[in-house]
Structure formats: C-alpha cells, structure tokens
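The structure appears below as structure tokens.
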Amino acid sequence: MHVAYDQEALDLAQQIVELDLKRDECWEDLAELAGDRAFELLRFVQNR
C-alpha cells in the first residue's frame with residue numbers, strides 16, 4: 001500500500017532513524033567504557 005506523506009513527516013521520520021543509529025553507537029561506546037555498569041550509569045544520569 002502506498003500512502004502519500006507530508007515532507008515534514010518524512011523528514012521527522014528520517015531524523016528519528018538517524019538518532020536511533022546514533023544512540024546505538026553511543027551505547028556501544030558507553031558499554032566499552034563503563035563495562036557491565038553502563039546501564040546503571042545511564043539510569044543514574046537519566047534520573048538526576
């Protein structure tokens with residue numbers, strides 16, 4: 001099914017995809033630096 005989308009909506013969808021890829025890259029870097037404490041560190045920063 002083909003649906004016409006507004007250009008602004010397409011641009012936002014593209015930005016979300018790019019942010020998701022960047023998030024994955026950042027998570028890999030954090031996991032490398034913080035090891036098995038990466039998730040704990042992420043939650044700490046989110047909750048402060």
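Throughout, residue positions are numbered sequentially from 1 according to the sequence presented. Note that the structure is a prediction, hence the values are computed from the model and not measured.
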Qualifying side-chain hydrogen bond (donor to acceptor under 3.5 Å, both in side chains) pairs, either residue in residues 21-35, two or more places apart: none
Any residue meeting side-chain contact (heavy atoms from CB on, under 4.5 Å) with Asp6, in chain and number order, not counting sequence neighbours: Glu8, Ala9
Set of residues satisfying side-chain contact (heavy atoms from CB on, under 4.5 Å) with respect to Gln15, sequence neighbours excluded: Leu12
Test side chain to side chain donor-acceptor pair (under 3.5 Å) applied to Glu18 - qualifying residues, sequence neighbours left out: Gln14
Co-members of the apolar cluster containing Val17 [side chain, <4.5 Å]: Leu21
Residue pairs passing the salt bridge (charged side-chain N to carboxylate O under 4.0 Å, His left out) test where at least one lies in residues 36-48, sequence neighbours excluded: Arg37-Glu40
Residues that Ala34 engages under side-chain contact (heavy atoms from CB on, under 4.5 Å), provided they are two or more places apart: Leu30, Ala38, Leu41
Partners meeting side-chain contact (heavy atoms from CB on, under 4.5 Å) with Ile16 (sequence neighbours left out): none
